[in-house]
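So that the names make sense, note that chain A is the first sequence line, chain B the second, and so on, each numbered from 1. Note that the structure is predicted; figures quoted are calculated from it, not measured.
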There are 2 protein chains.
Amino acid sequence: MSSLGVGVSPGNVPVYHGSKLKVIDRRVRVAELVLRCLICGLAIVSAVLIVTDTQVREIFTIRKRAKFTDMKALVFLVIANGIAAAYSLVQVLRCVVSMIKGTVLFNKPLAWAIFSGDQVMAYLTLSAVAAAVQSGIIAQFGQTELQWMKTCKLYAKFCNQVGEGVASSLLACLSMVLLSAISAYGLFRLYGDNKGKSSGGW
Amino acid sequence: MSSLGVGVSPGNVPVYHGSKLKVIDRRVRVAELVLRCLICGLAIVSAVLIVTDTQVREIFTIRKRAKFTDMKALVFLVIANGIAAAYSLVQVLRCVVSMIKGTVLFNKPLAWAIFSGDQVMAYLTLSAVAAAVQSGIIAQFGQTELQWMKTCKLYAKFCNQVGEGVASSLLACLSMVLLSAISAYGLFRLYGDNKGKSSGGW
């Protein structure tokens, strides 16, 4: 990791000075890399836990197999996890390349792209987790008024593993939320006191 | 609304100059006020639509009344809407006072509070909407594998009004997402090129 802390990029490059800012920048970049790796790992773990989950029960001589595709919210969660893992992997590579090169993000279009991507991923993973938790609550406790039965009474082992998968997704989602704040910092500090040099779209 | 564009606040006050920044700041503040009013209105409309929704059906001589408390996700959505409306109202008052006084936000703790509040509200409303949509999809299409029946076949009028309420919430949620980006801009631009004067927690 370079300790130069000097930006080399096209576009609008504000003057970058102050060792305190350099230290902050380095910490933020390390935090970003750690979080992106964490999200990638957690999203893969969650997807694997859910996809490989299955349980067979015999109810009045009828064999029934529970699998994640029975619950549409879990299919959505697996897809969201897949997208989050792939996106995080690309971002990890970008972080590593930027660290090796020692460049600092002063490129507004790139900062906008990262910010938008992180925001979309945070909202996507959160909505997938919320939908899965909602389905999970119905499966666990039922909704007698609507005649939706407690499926988890029959498939306890299946539900436990799904619960672990959802918990893993929730951690990935919280990391994504934190990361979207970091990328907001990375973008909007470029709109600080930059003496009218900005050509941003605001 | 003041056209001075000069911040009067305790704490770290970066030098504020450039008419372009003044124009941007004014636009951002107007957008913020409009969005906060919109969220307040939409959240109230959504909560009223859902809470007042009811339908009575007679099934084999048994009278059954559908109401929003039958579906836990709708109760969560109404609570989230109530919180969003109250929060937005407080923020609208703050925006109006700040516009009348002509002050510009250069107070980091306040900017952090607004940013955090907006983030929490965006994620809260999104998870409530996602959970309600998930329940709505189950009610509309059923989930035969789990023996969850299509409740909307019986209570079509009830489901339609809930749908309108959820749509209103979704619009409020999207406005909240936009607003949380605006407050991120309001906060993190204070961490721009401020010549080491910052005392922020990064």
Spacing of B:I182 atom CD1 and A:F188 atom CZ [to the nearest 0.5 Å]: 9.0 Å
Separation between CH2 (A:W148) and OG (B:S135), nearest 0.5 Å, reads 5.0 Å
Please determine whether the number of non-hydrogen atoms from other residues, nucleotides or ligands lying under 6.0 Å from atom NZ of B:K150 exceeds 12. no
In this structure, are over 12 heavy atoms from other groups packed under 6.0 Å from A:K157 atom NZ? yes
Checking heavy atoms, do the side chain of [X], its backbone, both or neither come under 4.5 Å from chain B?
X      : result
A:F141 : neither
A:I138 : both
A:Q147 : both

Which atom names give the shortest non-hydrogen contact between A:A184 and B:A184, and what distance separates them? CB-CB, 3.9 Å
Can you see which heavy atom on A:M71 is nearest to which on B:L146, and at what distance? CE-CD1, 3.8 Å
Identify which part of [X] has an atom lying under 4.5 Å from any heavy atom of chain A, answering side chain, backbone, both or neither.
X      : result
B:T151 : side chain
B:K64  : side chain
B:Y155 : neither
B:V177 : both

Quick check against the 3.5 Å criterion: does B:Q134 have a side-chain atom that pairs as donor or acceptor with the backbone of A:A132? no
With chain A, the option among B:A128, B:A66, B:S127, B:S180 that has the most non-hydrogen atom pairs under 4.5 Å is B:S127
